[in-house]
Every structure is written in C-alpha cells, then in structure tokens.
There are 2 protein chains.
Amino acid sequence: MEKQNNLSKNQQIIFDLIDKSSEPMKAYSILFNVQKKGIKAPLQVYRALDKLVKIGKIHKIESRNAFIACQNSSCQISKATAFSICESCEKVSEISNSKLSKYLSNFVDEAGMKYNKYNLEFFGLCKKCKST
Amino acid sequence: MEKQNNLSKNQQIIFDLIDKSSEPMKAYSILFNVQKKGIKAPLQVYRALDKLVKIGKIHKIESRNAFIACQNSSCQISKATAFSICESCEKVSEISNSKLSKYLSNFVDEAGMKYNKYNLEFFGLCKKCKST
DNA sequence: CTTATAAATGTTATATTATTACATACTGTT
DNA sequence: AACAGTATGTAATAATATAACATTTATAAG
C-alpha cells in the first residue's frame, strides 16, 4: 500500500471504492455503493470526485462519464492522460507510454500554440474481445 | 457551399445551425434554436446528432458535451479527431495535423494493441486569452 | 408499380448526470 | 482564540440523454 496523502473521509471512501473496481465507475453507481458508509447525496460524491481528479488520484473517462483510479504511480496531476477503451467489453486501461506523452506534451499546433494539458482516448477491441 | 449529401430534413436543419455557430453547441441549446423550425423534442435533436457524428459531419467535444461542425473537408468519419480547447474563453478548433494523426493512427500500445479510433483534446490558453 | 426494408420522424415519459444554494463543521495556521 | 481554507450535510433543481411505441418517408428489388 502506498501512502494516501491527506484524503478526507469522503474522499478516501470514494477513492477506495474506485481503486478496488476493475472497471470505470459512474457517479451514481458510486453513490449507491457508498450509501452504507453514510454518503447519501450526489453532491457529496461529485465533490469528492472533483477533488480526486484535481489531485490526480483518479481520472475521468470523458466519453463514458466514468472514473478510474490512476494506474500510474508517478502521476500527480491529471495533465496528460491517455486511455485504451475496448468498444466491446468497455474495459479501460490507462496508457503510460513515455514516447507518447513526450510527443503530446511537446506538441505545437499550426498556430504555434502549446498546451498545458491533454486527454487522449483510444478505442478498439481488447485482446480478449478480438479473439471471440 | 459544398454539397450536403443525403441529409434528412432534421439532420440538415441541425447541421446548418451547428455549422453557422462560432462555438460548440450543446444539445438543449440546439433544441431551443430549432424549435421554430418544428423540432420540438430532445430525442429529435439527439437522433440527428448521432447520425451527423456517425457520418463525420460534426464531432462531439466530450469534455464539454457539445458539438462542432467538422472543419476538415476531407474528414468522412469521426475516427481520428483532435481538438484545441481554450480553458478561458472555451473556443474550440479542430486540429488537422497529418503528422499527429499519422502518429496516433499508427500507435501501438505496450500490449501490442492497435486502435481503430481515437479522440484527443488539448487544453490551454488561446492566443487572445494568453495576451490579456 | 408494389412490396419489402431500412431510415427517419413524432410524441410522451423517464432515466442519468451534474450543479446551485445555503447552513454548518472540521483542520491547520498565526 | 481567531482566521482562512477546506470539507460536509441537505434539499432542490438543472442539464444531459435514452426508452418505448406509433407512424411516415426514402430506397431499392422484383
């Protein structure tokens, strides 16, 4: 177990749930799962999610409106994220590829603009789904 | 004006609106704007949007739940999309950079998996916002 | 032309995702 | 102890998206 800095009660409960999950979790599914722990309202969930995203403990999968725990131990802030999404089974993994992240972090567009943040989602069929 | 293949009545109305807009449009803002043309229900909007996305006439900006017209005349299908998003004024542009799209289309992850589709969103400050 | 099929439409209701507003409490300083 | 910043609790509601069902229009094959 790595040290879990400074998370508040609700943040910790919600992070633990997402971290244990094998798939991205949606906000209301999280809510349902933490009601026994006393978190009763959507806003309590969204507030914790916002904070966890901000500090990089979780990422939002934008195309799915769902959240996964950061799988990259060195990731502190969600500034440069890339995900692999299986269009069949909906399995999502975080991609940690230093060549890719270097390439994208250094990308300069036609107008000479540099970016301080990006999010990339790849779609395809995972190994398992491809073979069936 | 380029030829607008095969769009149905509702699709054409909604495409025209999005195409004229200088910023990404949200579904319910679209709905509001086309009510005078007889499109009364959310579902009518969402169905047209789905189709327009499928055929590549528009793209969804996932992080904003909004839609913009394809700015790349050669783009037939929304298989490989990249956008520049200003975090201050929310201006969004489509990035057409052949090196970038080649790089991403050919990307193979650690597990040897190739993808048939990707969506990339870059965030930063546009020229105008940076200078103020 | 007519039959079959796919695509699009219209309509009502409802599900899902997310935020506003306001009151209170906890945590870590100085 | 006083302050500032962060977190919590609660109710209400806004914003985004889909399900289900009935009907119509467009396209193509015989």
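This one's a predicted model, so the numbers in the text were calculated from it and none came from an experiment. In what follows, every heavy atom counts, from backbone to side chain, and hydrogens, waters and symmetry copies are set aside. Below, chains carry the letters A, B, ... as their sequence lines are ordered, and counting in each starts from 1.
- Chain A approaches DNA chain C within less than 4.0 angstrom (heavy atoms of the protein), and the contacting nucleotides run 5' to 3' from C/dT17 to C/dA21.
- A straight line from CG of B/Asp50 to P of D/dA17 spans 10 Å, rounded to a whole angstrom.
- Between its two ends, the helix from C/dC1-D/dG30 to C/dT30-D/dA1 turns its axis by 40°, counting five pairs per end and rounding to 10 degrees.
- Ring pair B/His59/B/Phe67: centre-to-centre distance not below 6.0 Å.
- Between the NZ atom in B/Lys51 and the NZ atom in B/Lys54 there is a gap of 7.5 Å [rounded to 0.5 Å].
- Spacing between atom CD of A/Gln11 and atom P of D/dG9 amounts to 12 Å, rounded to whole angstrom units.
- If you measure from atom CZ of B/Arg64 to atom P of D/dT16, you get 13 Å, rounded to the nearest angstrom.
- Nearest-nucleotide mapping onto DNA chain D: of A/Lys9 and B/Tyr46, the residue sitting toward the 5' end is A/Lys9.
- Separation of atoms OG1 (A/Thr81) and CD1 (A/Ile61) is listed at 7.5 Å; rounding is to 0.5 Å.
- Each of D/dA17, D/dT8, D/dC21 was ranked by its minimum atom distance to the side chain of B/Ala27; first place goes to D/dA17.
- Put simply, CZ on B/Phe32 is 18 Å from C1' on D/dT16, counting in whole angstrom units.
- With no hydrogens or angles considered, no side-chain donor-acceptor pair links A/Ser63 and B/Glu62 at under 3.5 Å.
- Between A/Phe123 and B/Tyr118, the gap from one ring centroid to the other reaches at least 6.0 Å.
- Atoms CG (A/Leu43) and P (D/dA14) sit 16 Å apart, rounded to a whole Å.
- Atom-to-atom, NZ of A/Lys40 to P of D/dA11 comes out at 8 Å; the value is rounded to the nearest Å.
- Look at CD on B/Gln44: it is 14 Å from C1' on D/dT18, rounded to the nearest Å.
- Taking 4.0 angstrom as the limit, A/Ser8 places a side-chain polar atom (N or O) nearer than this to OP1 or OP2 of D/dT8.
- With the nearest nucleotide of DNA chain C identified for both A/Arg47 and A/Lys26, A/Lys26 has the one nearer the 5' end.
- Between B/Arg64 and the options B/Glu121, B/Glu23, B/Glu90, a side-chain hydrogen bond (donor to acceptor under 3.5 Å, both in side chains) holds for only B/Glu90.
- Taking the six-membered ring wherever Trp is involved, the centroid distance between the rings of B/Tyr103 and A/Tyr103 falls below 6.0 Å.
- Linking Ile, Leu, Val, Met, Phe, Trp and Tyr residues whenever their side-chain heavy atoms come within less than 4.5 Å places B/Phe15 and B/Leu49 in a single cluster.
- Applying the 6.0 Å contact sphere to NZ of A/Lys37 captures no more than 12 heavy atoms from other residues, nucleotides or ligands.
- Of the two residues near DNA chain C, B/Asn65 and B/Tyr28, the one whose nearest nucleotide lies more 5' is B/Tyr28.
- Atom-to-atom, CG of B/Leu31 to P of D/dA14 comes out at 16 Å; the value is rounded to the nearest Å.
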